[in-house]
**Student:** 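I am attaching a structure below and will ask some questions about it afterwards.
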Amino acid sequence: MAAATVIFLSSVILLVFFFGRADGFDADALICLAAIPLVVFLVSRSSTAGVLSWLMTPVGALLGFLWLSVLAVPILWALGLATPWSDYPVDQSTRIVATAIGAVALIHAGSLGAGNTSRPTTPMSWRSRSGMSRSLFGGVVLILVCFAILQSKIGVAFLVGNLLTKRDLLAGLGPLTAVAACTGVAGLAAWSTRDLCRSEKLLATACSFGYVSYLFVLGSRLPMVVYVIAIAIARASAGRIPRVLVASVGLGTIPFTVWYSVSIRKGQLISQSGTGPRAEAHSVIDPFVYGGLDVLHTFGAVVTSALSDLSLHLDLLLANAATMLPRSLLPGKPPGISVVFSERFFGRQWDGGSGVPPSITAELLFVFGVVGGLIALPILGFVLSRVSSVLAISTRPFLRLIYPFVTVDCIFLAKSGTDAFLQQVSIHILAVFGFIILSTLMGAGPLVERGKEQCEQTQASGS
């Protein structure tokens, strides 16, 4: 491990030295290609159960998204299949890419210090199947009530047509979103059950479709995608679909996100500069990179700015902790890190009504400085890996239900920092609690059976 790290760092230094003044993005692509062997080595050491199983853990989802964003984007630039952001400092791109690879490698190295992680493999069960049906039906009623409230307050059609100003339209709707998420939890709990009859599948589909539709109306593209992936993870844990299908579901969300960003949220429009497969590929890939794989965008803004060696913005950390509270309880809630970050580094976009939240690598450097960020990066990997292990072996219904949500919420952590992550986690925690209360009242309390693998993991962690 130490030898591989030394070789990797030496290679990056040499590549930056020789190609730092190269034209175009060839040097950036070379750096990314040189880093791939190290990434393969780190991933192979991360889990003994295979790459796909590791990607379905919280730490795996975070690192998988970060590695994809950092390594794939410069290669796509070099191939002419994507273009950098209009305000991206192209003249310092090689420095940005090299340091971004090092930052993600530090997170990955920290996760290895906590040991291998795995995902849960035992399905959910219920004290009463009739009670489960009643709980699912209650979830359907709940989402209909949420739609009715949303219609009375704003108007569903009006909201869909004005998503560019949703920041003001949706102020104060956090509690309603948490209530709607209870329906999403009901659907996920059902899909985590191994054997469902036809009526249960219909009710589970109604719950999941209702929650996804609610997110669609709110313009929450990424929450829609991660919820679908969470259901795929739940079905894989129940042994009903292969892990390869989970990967297929994740890849299948790419064209959807492009269409939703361009057609619904009126995002970046790409005009084809030619004909043929290459032009077609560019018109699809570029919007996805522009609005989805934007880790280098925010990381570059921080790396190329004046940063202190060591800092601690305690006020920002406290403000981020307060972001979990709805404005109905805390009207004077201070702005979180994502707001401060957007105003400082992306003022033009913020004034236009669109925030640019920081990736977790950018946020740690912004909050803790250069030296503090280098210390915080591996600590993040270690803590997240330990959390993954604890959740994976738990047989408590709450922790099992929250596991898929924490896993996909780590995509928010990678892409948009702790502000978005804490908001999503708080919504999902309240939703899981709400569903457990609802199902208990219906006499259906969810259960998790301890499988052989969980027993072995518990014994291993104890030793």
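Predicted, not measured: the structure shown is a model, and the values here were computed from it.
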**Student:** Ignoring hydrogens and geometry, is there a side-chain-to-backbone donor-acceptor pair from Thr193 to Ala189 under 3.5 Å?
**Tutor:** yes
**Student:** Calculate, to the nearest 0.5 Å, the distance between atoms CZ and CG belonging to Phe345 and Asp87 respectively.
**Tutor:** 12.0 Å
**Student:** Using side chain to side chain donor-acceptor pair (under 3.5 Å) as the criterion, list what pairs up with Thr361, not counting sequence neighbours.
**Tutor:**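 Once residues adjacent in sequence are excluded, the partners of Thr361 under the side chain to side chain donor-acceptor pair (under 3.5 Å) criterion are Ser359.
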**Student:** Looking at Val59, Leu106, Ile360, which one forms a side chain to side chain contact (heavy atoms under 4.5 Å, CB included) with Leu380?
**Tutor:**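 Considering Val59, Leu106, Ile360, a side chain to side chain contact (heavy atoms under 4.5 Å, CB included) with Leu380 is found only for Ile360.
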**Student:** Would you say the side chain of Ser69 lies within less than 4.5 Å of the side chain of Leu296, judging by non-hydrogen atoms?
**Tutor:** no
**Student:** How long is the span from the CG atom in Leu62 to the OG1 atom in Thr57, to the nearest 0.5 Å?
**Tutor:**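 If we round to the nearest 0.5 Å, Leu62:CG and Thr57:OG1 are 9.5 Å apart.
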**Student:** So how far is it from His297 NE2 to Trp85 CH2, rounded to the nearest 0.5 Å?
**Tutor:**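 Rounded to the nearest 0.5 Å, the NE2-CH2 separation comes out at 6.5 Å.
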**Student:** Main chain of Phe382, side chain of Ser385: is a donor-acceptor contact present, judged purely on distance under 3.5 Å?
**Tutor:**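 It does not hold such a pair.
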**Student:** What heavy-atom pair brings Ser93 and Tyr88 nearest, and what distance separates the two atoms?
**Tutor:** OG-OH, 3.1 Å
**Student:** CD1 of Ile411 to CG of Leu66: how many Å apart, nearest 0.5 Å?
**Tutor:**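 So the CD1 of Ile411 and the CG of Leu66 are separated by 10.5 Å.
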**Student:** Using 30° and 60° as the class boundaries, would you call the ring planes of Tyr227 and Phe405 parallel, tilted or perpendicular?
**Tutor:**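 The rings of Tyr227 and Phe405 lie parallel, inter-plane angle below 30°.
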**Student:** Out of Leu81, Asp28, Leu33, which one pairs with Ile75 under the side chain to side chain contact (heavy atoms under 4.5 Å, CB included) rule?
**Tutor:** Leu33
**Student:** Would you mind reporting whether Pro378 and Ile107 have side-chain heavy atoms less than 4.5 Å apart?
**Tutor:**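 When only atoms from C-beta onward are counted, Pro378 and Ile107 do not touch, as no gap falls below 4.5 Å.
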**Student:** Test side chain to side chain contact (heavy atoms under 4.5 Å, CB included) on Val340 and Phe366 and set out the steps.
**Tutor:** CA-CA 10 Å; Val340 176; Phe366 174 57; 4.3 Å; yes
**Student:** Any side-chain heavy atom of His108 within less than 4.5 Å of one from Ser46?
**Tutor:**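 Yes, at least one pair of side-chain atoms sits under 4.5 Å.
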**Student:** Output, in order, the C-alpha distance, side-chain angles, deciding distance and verdict of side chain to side chain contact (heavy atoms under 4.5 Å, CB included) for Leu188 and Phe435.
**Tutor:** CA-CA 11 Å; Leu188 184 135; Phe435 170 72; over 6 Å; no
**Student:** Is the side chain of Ser416 donor-acceptor paired with the backbone N or O of Pro357 at a distance under 3.5 Å, no angle test?
**Tutor:** no
**Student:** I'd like to know if the side chain of Ser388 pairs up with that of Tyr403 as donor and acceptor (distance under 3.5 Å, no hydrogens or angles considered).
**Tutor:**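 The answer is no; no qualifying pair exists.
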**Student:** What are the two closest heavy atoms between Phe368 and Gly373, and how far apart are they?
**Tutor:** CB-N, 3.7 Å
**Student:** If every non-hydrogen atom of Pro89 is compared with every non-hydrogen atom of Ile96, which pair is closest and at what distance?
**Tutor:**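 Smallest heavy-atom distance, with atoms named: CG-CD1, 3.6 Å.
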**Student:** Does some side-chain heavy atom of Cys410 sit less than 4.5 Å from a side-chain heavy atom of Leu384?
**Tutor:**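 They are in contact (side-chain heavy atoms under 4.5 Å apart), so the answer is yes.
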**Student:** Looking only at side chains, do Thr83 and Trp77 share a donor and an acceptor under 3.5 Å apart?
**Tutor:**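 No.
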**Student:** When rounded to the nearest 0.5 angstrom, what distance separates CH2 in Trp67 from CD1 in Ile36?
**Tutor:**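 Rounded to the nearest 0.5 Å, the CH2-CD1 separation comes out at 10.5 Å.
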**Student:** Got a donor-acceptor contact below 3.5 angstrom from the Thr418 side chain to the Phe421 backbone?
**Tutor:**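 Side chain of Thr418 to backbone of Phe421: no pair is present.
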**Student:** Val90 versus Pro84: any side-chain heavy-atom pair under 4.5 Å?
**Tutor:** yes
**Student:** Would you name the heavy atoms of Trp54 and Gly64 that are closest together and state the gap between them?
**Tutor:**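 Trp54 and Gly64 have their closest heavy atoms at CH2-N, 4.4 Å.
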**Student:** Ile436 versus Leu401: any side-chain heavy-atom pair under 4.5 Å?
**Tutor:** yes
**Student:** For the pair Phe341 and Phe346, name the ring-plane relationship: parallel under 30°, tilted 30 to 60°, perpendicular over 60°.
**Tutor:** tilted
**Student:** Quick one: closest heavy-atom pair of Val185 and Ala431, and the distance?
**Tutor:**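 Scanning both residues, the minimum pair turns out to be CG2-CB, 3.7 Å.
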**Student:** If you take all heavy atoms of Ala180 and Ile143, which pair is closest and at what distance?
**Tutor:** CB-CD1, 3.7 Å
**Student:** Just verifying a value: how many Å separate His428 NE2 and Asp409 CG, rounded to the nearest 0.5 Å?
**Tutor:** 5.0 Å
